[in-house]
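Take a look at the structure below.
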Amino acid sequence: MSAKNGTSAGARRNVGIMAHIDAGKTTVTERILYYAGKIRKTGEVHDGAATMDFMDEEKKRGITIQSAATSVRWNGTEVNILDTPGHVDFTAEVERSLRVLDGAVAVFCGVAGVQAQSETVWRQASRYGVPRISFVNKLDRTGADFERTVGTIREKLGITPLKLQVPMGIEADFRGVLDLVKERAYLFEQREDGSTYTEIDIPVEERERMQEERDELIDQVSRFSDEVLELYISDEPIPAETLARAVREATLSLQATPVLAGSALKNKGVQLLLDAVIDYLPSPEDVPPLMGIDPYTGDDVPVSADPEEPVAALAFKTVADLNGDLTFIRVYSGTLRKGMQLMNPRTGKKVRIGRLLKIHAKSREPIEFAKAGEIIAALGVSDTATGDSLCDRDRPVGLSQMTFPDPVISMSVEPVSRTDRDRLSDSLGRLAREDPTFRVFTDQETGELIIGGMGELHLEVIRSRLLGEFKVETQAGAPQVAYRQALRRDIEVEGRHIKQSGGRGQFAVVKMRFTRGECDRDVDYVSEVVGGTVPKEYHRAVGQGVQDIAGAGGELRFPFVNVHAVLYDGQHHDVDSSEMAFREAGRIAMRQAMAKAGSQILEPRMRFTVEVPQEYLGDVLSDLQSRRAEVQSLFAENPIKEIRGLIPVAELFSYSTVLRSLTQGRGTFHTEHANYAPVPETLAKQVIRDTLARRGIQAGKAGRAAG
C-alpha cells in the first residue's frame, strides 16, 4: 500500500462498489482493475472468472458472497476498493464495508433502474454518512432508459441526481457520452478491450441538447452553491472548474449524487468513472474527524487522519484462514506497524499486530506499516472480533460499534461421519467468527447443533463451504423460523430469593413492573429505585437475571423481546445480600411475569419486492395473499410490475421455485428483515405443538407454554 510509495492521505480514495444483485458492480470493478493496469485480462462473472469473485462458491453461483478488497493507482491517486455483495442474505458484508469507507459508487442497471437491494445499500450508506456517485450501467441493453433510471434515483432514493454525463445513443446505438461539466464529448472505440476512447468537440447535432442539459445541471447545482448561483443570476459563463467544485461540495455534504453513464461489460465509460471517483469522492483528509469514546471516562476523543497521532483503528472483518484468521483493519489515525502492541478497549487486553498485508482479491503482499487512511489486513491478531477497536495504550479510544440483524431462519445440522463430527464444531466456529449474522448453538434439550442465518441461500452457502473448504459433510434438518415471544399484558411481580441454611445466607427481594416495550427491542431494563431499598451496586445484577430468563425463552426456547422491565422497589440485608442473590431474584421475577402475563408468539416478517411481467401479475398476487402477505404498494413502471409489502418468513420457504413456476422464470424477488409481528392464534397453536414435539415434550404442555 502506501507503505511503499508514501502516498499521502489526500492522494487516496477508499471506495466501495455497491448495487442490487446483477446490476454489474463486479464487472465494473473488473474493468477498473484492467484499465488501471492491475490485471492483464478481464474475467467475466458469468464465466466464473471474475478476479474479485474468487471463492469457489462465488464462481459456482455467479454472485458475490464476501466483500473483496483491492487497490489501484489512477492519475497519481491510490484507490482502495471493496467490491460488496448484492444479495440481501449477505448484507452484513455491505454493512461493515460501508462503515470503514469514505465514499461509494452505486451501480444501477439502466434497464431496471433503482431496485430493492439498491435502496437497502443506499440506506446503509446514508446511515454512515458515505458520499456516493452513481453509475448507470448496461445502457447498451435492450430496454435501457437513462432518463427513467435517473428518475428512479430521485423518486426512490430521495436524493438530487446531478447528471454530469448523458449518453449519446442508447441500447445497441450507445456509442459515447456528453460531458456536461467540461462541455466535451467522448466516443468509445469499438476495439475489443475498449481501452481507448476519443475526446472530441460537441457534435453539431448534439449541441442544443448539450446546452439544455447543462443549463439544467447548473440550475440544480446553484441550489447548493452560492458561487454558481451568483454567476447564474448574472448570466455569466460558468467555468468547468467552478461547476466541478460545486458538484464535489454538494456530493461531500450528501445533498446530491453525481450521475454517470456507461456499459461496463462493453467497456464503455469506466475510465471516466475512475476520473469521477478522484474528482468527486472524498479523501481521508476530507472526512470530518471521527469521534471516539474514552472507554474509562466516557469522554469524546477526536480521531484525525494524521499518521503522527497515536494509533486508532477498527477491525471490520475477519476471514477464516488455514494460517490463522485474517483481520481486515481500517487505520483511522497514526501509523500501524508490524509487531506493534495495541489495546482492545472492549476486552481491555493487549493485542499484538502480526504480519501486515496488502490485499488484492485472493493475493497478498507483505508490508511493514500502514498509515492513517489505509485499509489493510493482518495475520495473528488474537482476541479481536468484528467491530473491535484497536488503539494505543497511552490514548485509549473506542470507535463506534457496528450492529447486525439477528438470524431469521435456522436449521439443525449433524455430521455424516465420526471424522466429520470432530471437525464440525471447529469449522462452524471459524465461520461464525467471519460472519456476524451467522450463529451456532446447541439445543440443550435435544442436543442438536443449530445454525442460524439471514435466509435459505445464506445457510446453503454455509453448508457448501463446510464441504468445499473444510471437507466436512453434513446432513441438515428442515429450515426453522426464528420465532420470538412477547408478554401478553403488563404486570407487576415480586421476586423473592431468601435462603438460610447455616452460615451466610442469601437475601434479595425485588419489586418489578413489566410492560411491552418498543417493537423488536430485546429486554429494556431500567431502575427507578429511590433510596436504599436495593443498593445501587445490585441494580445491574437484577437486569442480568431478567435477561437470563428472557433470553432462554422458557419451554419453547423462543427469546422474549419487546420487554420493558422496571425495578421500582425491593429489600436487602446488610449481610446476606449479594449480586448473586439479586440476579436470582431478577430471574424469579421474570419467570413470574411470563407465567402470570402469558406469552404471545411473534414471527419475523420480511419486507419484500417482487418484480413480474404484467401477464403474471394476477397469479403472483393471488399466491402472495395465500402466503399471508400484506401488499402495501404496486408500481406499474415499464412492462414490469413491482409489488411491495410484508410477508412472514415462514411463508417464504422455496418461494423462489414457486415464483419461477408462476412466471415461466421471468419473475424476481428480493427480501430484507422488517420486523416481528404476532402469529395468528390458530397458527400459533400449531407452532407450539410442532416446537414441543421436536423437543420431545408432550403436546399437552402447549397450552401452558402459550400462557
Is it the case that the side chains of [Y] and [X] hold a donor-acceptor pair, with the cut-off being a distance below 3.5 Å and no angle test?
X: T77; Y: N75; value: no
X: S253; Y: Q255; value: yes
X: R141; Y: S263; value: no
X: K38; Y: T70; value: no

### Query
Salt bridge or not for R330 and D102, using N-O below 4.0 Å?
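Yes, this pair counts.
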
#### Entry: Residues E469, R430: salt bridge by 4.0 Å N-O rule
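Salt bridge absent between E469 and R430.
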
Would you check if the side chain of [X] reaches a backbone N or O of [Y] as a donor-acceptor pair within less than 3.5 Å?
X: E368; Y: R337; result: no
X: N137; Y: A264; result: yes
X: K268; Y: F174; result: yes
X: E285; Y: A305; result: no
X: E374; Y: K371; result: yes

### Task
Give the intermediate values and the outcome of side-chain contact (heavy atoms from CB on, under 4.5 Å) for residues T609 and Q115.
CA-CA 9 Å; T609 302; Q115 296 166 280; over 6 Å; no

Salt bridge (Lys or Arg N to Asp or Glu O under 4.0 Å) with [X]: which residues, sequence neighbours excluded?
X: D145; result: R148
X: K163; result: E147, E213
X: D140; result: K266
X: E611; result: none

Reported [atom1]-to-[atom2] distance for the pair [X] and [Y], which is rounded to 0.5 angstrom:
X: F146; Y: Q165; atom1: CZ; atom2: CD; value: 7.5 Å
X: N14; Y: S97; atom1: CG; atom2: OG; value: 11.5 Å
X: R154; Y: I159; atom1: CZ; atom2: CD1; value: 11.0 Å
X: L178; Y: I202; atom1: CG; atom2: CD1; value: 5.0 Å
X: L314; Y: T327; atom1: CG; atom2: OG1; value: 11.5 Å
X: L139; Y: E171; atom1: CG; atom2: CD; value: 10.0 Å

### Message
Walk me through whether I353 and V381 qualify under side-chain contact (heavy atoms from CB on, under 4.5 Å).
### Response
CA-CA 6 Å; I353 302 298; V381 181; 4.2 Å; yes

Quick one: are [X] and [Y] in side-chain contact, heavy atoms under 4.5 Å?
X: V100; Y: F328; value: no
X: V472; Y: L428; value: no
X: T160; Y: L162; value: yes
X: F135; Y: I17; value: no
X: R31; Y: L265; value: yes
X: E30; Y: I39; value: yes
X: N267; Y: F188; value: no
X: I451; Y: L431; value: no

### Message
salt bridge (charged side-chain N to carboxylate O under 4.0 Å, His left out) for D286 and R248? Distances and angles first, verdict last.
### Response
CA-CA 11 Å; D286 297 321; R248 187 171 198 272; 2.9 Å; yes

Of the non-hydrogen atoms in [X] and [Y], which two are nearest, and what is the gap between them?
X: L281; Y: P131; value: CD2-O, 3.7 Å
X: P366; Y: R355; value: CG-NH2, 4.4 Å
X: T386; Y: P436; value: CG2-CG, 4.5 Å
X: L254; Y: G129; value: CD1-CA, 3.8 Å
X: R99; Y: S400; value: NH2-OG, 3.0 Å
X: S134; Y: T257; value: OG-OG1, 3.0 Å

### Query
Looking at E365, R12, K358, R13, which one forms a side-chain hydrogen bond (donor to acceptor under 3.5 Å, both in side chains) with S71?
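So the option named by the test is K358.
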
Please list, chain by chain and in numerical order, all residues satisfying side chain to side chain contact (heavy atoms under 4.5 Å, CB included) with [X], sequence neighbours excluded.
X: L274; result: I32, W74
X: A246; result: V221, S225, V228
X: A244; result: V181, Y280

#### Entry: Candidate pair R96 and L82, rule side-chain contact (heavy atoms from CB on, under 4.5 Å), full reasoning
CA-CA 11 Å; R96 56 188 176 186; L82 291 179; over 6 Å; no

### Message
Holding to ring-ring contact (aromatic ring centres under 6.0 Å, His included), I want the full list of residues that pass it with F669, two or more places apart in sequence or in another chain.
### Response
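Checked F669 against ring-ring contact (aromatic ring centres under 6.0 Å, His included); matches are Y655.
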
### Query
What residues form a ring-ring contact (aromatic ring centres under 6.0 Å, His included) with Y186, not counting sequence neighbours?
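Here the qualifying residues are Y197.
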
### Query
Pairs in or reaching into residues 111-123: which pass salt bridge (charged side-chain N to carboxylate O under 4.0 Å, His left out), with residues at least two apart or in two chains?
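For residues 111-123, and leaving out neighbouring residues, the salt bridge (charged side-chain N to carboxylate O under 4.0 Å, His left out) pairs sorted by first residue read E119-R644, R123-E672.
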
### Task
Count the heavy atoms belonging to other residues, nucleotides or ligands that lie under 6.0 Å from CZ of R463, then report whether that count exceeds 12.
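Above 12, so yes.
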
Counting only pairs under 3.5 Å, give me each side-chain donor-acceptor contact of residues 103-112, with atom names and distances, residues two or more places apart or in other chains.
none

### Message
Please evaluate residues I359 and L326 with respect to the criterion side-chain contact (heavy atoms from CB on, under 4.5 Å), reporting the C-alpha separation (whole Å), side-chain torsions for both, the decisive distance (0.1 Å), and the verdict.
### Response
CA-CA 11 Å; I359 301 296; L326 190 67; 4.2 Å; yes

#### Entry: With sequence neighbours excluded, residues passing side chain to side chain donor-acceptor pair (under 3.5 Å) with D173
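Per chain and number, D173 pairs via side chain to side chain donor-acceptor pair (under 3.5 Å) with no residue.
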
